[in-house]
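Before any comments, here is the structure.
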Amino acid sequence: MRTFHIKLKGGAQKSTIVCRKDVLAKQLKGDLSWLNAGGALIFTDSNVYALYQRQIKKLSLPVFVMAAGEEHKTEETLFALLKEMAEVGLRRTSTLIALGGGVVGDIGGLAASLYMRGIACIQVPTTLLAQVDSSVGGKTAIDFCGVKNLIGAFHQPVYVYADPTFFKTLPARELRCGLGEIIKHAALNAELFDKLSAQDDLFDMDFLARIVPDNIQIKADVVEKDPTERGLRRCLNLGHTTGHAIELTQNDLSHGECVLLGLLYESRIAARHLQTDGAYLAALSALIKRVLICDGKSIDIERAAHLALLDKKNTKQDTVTLSVPTKKGEFAFLELDYADYVRDLKEIREELC
Ligand code: ADP
Ligand code: ZN
C-alpha cells in the first residue's frame with residue numbers, strides 16, 4: 001500500500017491518493033461507517049457494473065449505472081446522475097463515489113462539483129489510463145455541442161483509490177492506452193524511463209501495479225505546482241498537440257495510441273530544431289514501438305496538422321506550440337511556424353512508414 005497526499009497551492013482542498021489492492025472489499029468496506037453517516041452514492045458504468053456487481057452489492061450503497069461509452073459523456077447523463085443524487089437524498093456532507101474509467105470519473109467529478117455547490121467525491125479509477133492520468137489533478141468535464149470536455153470544472157477528489165486488481169479484466173487495448181500516458185511520464189522522468197527500458201514485458205500486471213504509484217507521483221508533483229494549468233502543467237501536454245490532432249482524424253485509434261504516435265513525431269521534430277540527445281531519442285522511439293501496434297500509415301497528416309493549429313494551447317497566430325522531449329528527463333516548449341510544422345510532419349511520415 002502506498003499513500004500520497006496532494007495539497008494544491010493556494011487551495012484549501014487536499015487529495016489523498018491510496019494505492020492498494022482490493023479496494024472494494026477492503027478500503028470502501030472500511031469506509032462504510034462514515035460513508036453511511038453522511039450518505040453516499042456509487043456512480044459507475046454498465047461494463048464495470050457487470051464485471052464487479054457482486055462486490056459492489058456487498059457495500060449496500062445506492063448505485064447509479066450509466067451506459068458505457070464516451071458517446072454518453074453528455075449533459076443527459078450528467079443530469080440523470082444529479083437527479084439520482086437528489087432522489088436518494090444526498091446532502092452537503094454526502095459523498096459521490098465514481099467507480100470506473102475516465103468517462104465515469106469525469107462525469108462523476110463534475111456532478112460532485114455542482115451538487116449543492118460541491119460535495120465530496122471519491123474516485124475509484126478502474127482503467128490503467130484513469131489511474132495514472134485522469135483521476136489525478138481534479139479535472140472534470142462532459143462533452144458539449146460536439147466539443148470534447150467543453151463544460152467542466154476543477155474539483156479535487158477527497159480520495160483516489162487506485163487498485164491494480166481492476167487491470168485483470170481490462171482488454172489489451174485499454175492497457176496499451178494507459179501505457180501511452182505512462183511512456184509520456186517516462187519522457188519527463190529519467191527514473192521511470194530506466195524502469196520501463198529494463199522491463200521485458202510492459203504489459204505484465206505485477207509490473208504495472210508497481211509503476212502506477214510512480215506515475216501518480218510524477219503527475220501529482222506537476223499538478224501540485226500548477227493546479228490550474230497555467231505554466232508547468234503544460235509539460236504534461238508532451239506528445240499531445242500532434243497526438244490529439246491525429247485522434248480527431250482517426251476513430252480507430254485510442255487516445256493513448258495517438259499520444260504515442262504524437263510523441264514519435266514530436267521527438268523527431270525536436271531533433272530537427274533543438275539541441276537533443278540523439279541516442280536517448282532513439283531509445284524513446286524504441287520504447288514507444290514496443291507498445292504501439294499501428295504504424296500510422298493511414299493518418300491524414302495535412303488534416304491533422306490543420307487541427308493542431310486550432311489547438312487552444314497555441315499562443316500565437318499561425319504557430320503550433322509543442323512540448324517536446326529533448327534529453328533524458330528533460331523537455332522543452334517549441335513554437336513552430338505552421339508551414340514548418342506541416343513540412344516536418346510530412347517528411348517524418350516518409351521516414352516512419
Ligand atoms: P478511460 O478514459 O480511462 O480509458 P473509459 O471510461 O473510456 O476510460 O473506459 C474504457 C472502457 O473500459 C469502457 O468501456 C469501460 O466500461 C471499460 N472499463 C473500465 N474499467 C474496466 C475494467 N476494470 N475492466 C474492464 N473494462 C473496464
Ligand atoms: Zn492524454
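Read the numbers this way: they start at 1 and go in the same order the structure lists the ligands and their atoms.
Side chains of Asp31 and Tyr161: a donor on one and an acceptor on the other come within 3.5 Å.
For the side-chain contact (heavy atoms from CB on, under 4.5 Å) with Val63, the qualifying choice from Thr44, Val88, Ile97, Leu41 is Thr44, the only one to do so.
Residue-level contacts of ligand 1 at the 4.0 Å heavy-atom threshold are Asp45, Asn47, Val48, Leu51, Tyr52, Ala68, Gly101, Gly102, Val103, Thr126, Thr127, Leu129, Ala130, Phe166, Thr169, Leu170, Glu174.
The closest side-chain heavy-atom distance from Ile216 to Val160 is not below 4.5 Å. Counting only heavy atoms from C-beta outward, the side chains of Leu284 and Phe193 approach each other to under 4.5 Å. The shortest distance between side-chain heavy atoms of Leu322 and Ile269 falls below 4.5 Å.
Heavy-atom neighbours of Arg92 CZ from other residues, nucleotides or ligands within 6.0 Å: at or below the threshold of 12. More than 12 heavy atoms of other shown residues, nucleotides or ligands fall within 6.0 angstrom of atom CD in Gln53.
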Could you tabulate the donor-acceptor pairs under 3.5 Å formed by side-chain atoms of residues 16-26, not counting sequence neighbours?
residue: Thr16; atom: OG1; partner: His5; partner atom: ND1; Å: 3.2
residue: Arg20; atom: NH1; partner: Gln27; partner atom: OE1; Å: 3.1

Listing, residues 169-180 side-chain donor-acceptor contacts under 3.5 Å, not counting sequence neighbours, or none:
residue: Thr169; atom: OG1; partner: Tyr52; partner atom: OH; Å: 2.6
residue: Thr169; atom: OG1; partner: Phe166; partner atom: O; Å: 3.2
residue: Arg173; atom: NH2; partner: Asp252; partner atom: O; Å: 3.0
residue: Arg176; atom: NE; partner: Val291; partner atom: O; Å: 3.2

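Screening the protein for N, O or S atoms under 2.8 Å from the Zn ion (ligand 2) yields 3; no waters enter the count.
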